[in-house]
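Remember, it's a predicted structure, so these values are computed and weren't measured experimentally.
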Amino acid sequence: MVLGNILEKLRICSIPRFLQFFQDLILIRKDPNVVVTDMHFGTVPVRLFKPKEVSSKYRRCIIFYHGGGAIFGSLDTYHGLGSFLAHETDSLVLLVGYRKLPDYHHPVLFKDCLNATIYFLKNLEIFGVDPSRVVLCGDSLGGWAVATVTQVLTSMPNLPRIQTQVLIYPILHVINFQLPSYQQNKNVPFLTSDMLLMCICKYLAIDLSWTDAMSTGAVIPLDKWKKYRKWLSSDNIPGRFWRQGTQPEVFGPFNEAAYLETKHVWNAEISPLLADDKIIAQLPKTFLVSCEHDVLRDDALLYKKRLEDQGIPVSWYHAEDGFHACINLFDKQPFSFPCSMKVTNAVAHYIKYMC
């Protein structure tokens, strides 16, 4: 990241392109038990993983949106996970390759995921998919895409209903950066608080000069906080997650200029945690994954409470030794960690036996 910052300041190469260069060096391992097909849904590249063994009935489908902060992540970097989920759960897996930074900003990523999903839902029979067994799944920013797309689809009753949403350490709001997990894990790889704010600002086309105001809460008007604290406040985080030294949020003096530059973060399309109760109440059953050593841990906890308050069935897996992006290392020996395989297996087990 240091070298990336230097190259960007010298206008040689942007940080996103610098990081994508290393991402493209990843080698793809082929699974002989899975048939892989690349195609496009309109302008959106997708990769389809299908178990080689012939099925006499329509299969479950997992539509997967990959993570990576709109910078990392691709069909190739998630190829191994797509193959694993297809084989382990006997499912068709559709991996969506949305457009990213530095050329594309919000809402392109969201629209790519939504449009690819709508196209696929309209053509399930062609792909041999059981319309009653469609799962939306994603990690990190892909988990955010799952939340936003699923919420939008509640207003489209003509399409097959999503049976389950699976959110793996998702980002679900970009407002309160003083939650306990932000305080405790601000310098933990692979997602530090500074890197998260950089990704958010670049994706939402917010000038990086406003990151300090965002991190201190100086962009939060009092009336907004009074309205939404019931969903955003650290009061909702269970006591077991409050370590010694963790403090309730104390926001900096309100900065109106910073608020005006960032006010779009209050839109539920960007912060799905803030969706109306009537939308939350229509969501499908949910599987949430959180990791202890992750700045985004508390996003999953806040969404868990929101869903449960509206009567949505929620299953939750918490990796005590987990960290952000650990699932990406499950097949990257010798760099895999125990938590990488545990999280991957937890997701596969839930989908296989509960969906």
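- Screening residues 274-314 for ring pair (Phe, Tyr, Trp, His ring centres under 6.0 Å), with sequence neighbours left out, gives Phe287-Tyr350.
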Please walk me through it: do Glu53 and Asn33 pass side chain to side chain donor-acceptor pair (under 3.5 Å)? CA-CA 7 Å; Glu53 185 176 338; Asn33 300 303; over 6 Å; no
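- Ionic pairing of Lys285 and Glu308 is not present here: no N-O contact between side-chain nitrogen and carboxylate oxygen is shorter than 4.0 angstrom.
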Anything under 3.5 Å between a donor and an acceptor, one on a side chain of residues 123-135, the other on a protein residue two or more places apart or in another chain? List them.
residue: Asn123; atom: ND2; partner: Tyr119; partner atom: O; Å: 2.7
residue: Asp130; atom: OD1; partner: Ser132; partner atom: N; Å: 2.9
residue: Asp130; atom: OD1; partner: Ser132; partner atom: OG; Å: 2.8
residue: Asp130; atom: OD2; partner: Ser132; partner atom: OG; Å: 3.4
residue: Arg133; atom: NH2; partner: Cys355; partner atom: O; Å: 3.2

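- Residues passing the salt bridge (charged side-chain N to carboxylate O under 4.0 Å, His left out) test with Glu269: none are found, sequence neighbours excluded.
- By the salt bridge (charged side-chain N to carboxylate O under 4.0 Å, His left out) test, Lys50 pairs with no residue at all, sequence neighbours left out.
- Qualifying salt bridge (charged side-chain N to carboxylate O under 4.0 Å, His left out) partners for Arg229, counting only residues two or more places apart in sequence or in other chains: Asp235.
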Listed pairs under 3.5 Å, donor-acceptor, residues 158-168 side chains, sequence neighbours left out:
residue: Arg161; atom: NH1; partner: Gln282; partner atom: O; Å: 3.1
residue: Arg161; atom: NH2; partner: Gln282; partner atom: O; Å: 3.0
residue: Gln165; atom: NE2; partner: Thr286; partner atom: OG1; Å: 3.0

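- Residues passing the side-chain contact (heavy atoms from CB on, under 4.5 Å) test with Asp309 are Lys305, sequence neighbours excluded.
- Remark: Arg297 engages Glu292 in a salt bridge, criterion side-chain N to carboxylate O under 4.0 Å.
- Residues meeting the side-chain contact (heavy atoms from CB on, under 4.5 Å) test with Val152, sequence neighbours left out: Phe110, Leu114, Met156.
- In this structure Tyr353 satisfies the ring-ring contact (aromatic ring centres under 6.0 Å, His included) test together with His349, sequence neighbours excluded.
- Under the 6.0 Å cut-off for aromatic ring centres, Tyr65 and Trp144 do not qualify, their centroids lying 6.0 Å or more apart.
- Residue pairs satisfying the side chain to side chain donor-acceptor pair (under 3.5 Å) criterion with at least one member in residues 250-264, sequence neighbours excluded, are absent.
- Residue pairs meeting the side chain to side chain donor-acceptor pair (under 3.5 Å) criterion with at least one partner in residues 35-49, sequence neighbours excluded, are Asp38-Arg47, Arg47-Asp76, Arg47-His79.
- Hydrophobic clustering, defined by side-chain heavy atoms of Ile, Leu, Val, Met, Phe, Trp and Tyr closer than 4.5 Å, groups Leu329 together with Phe190, Phe323, Phe337.
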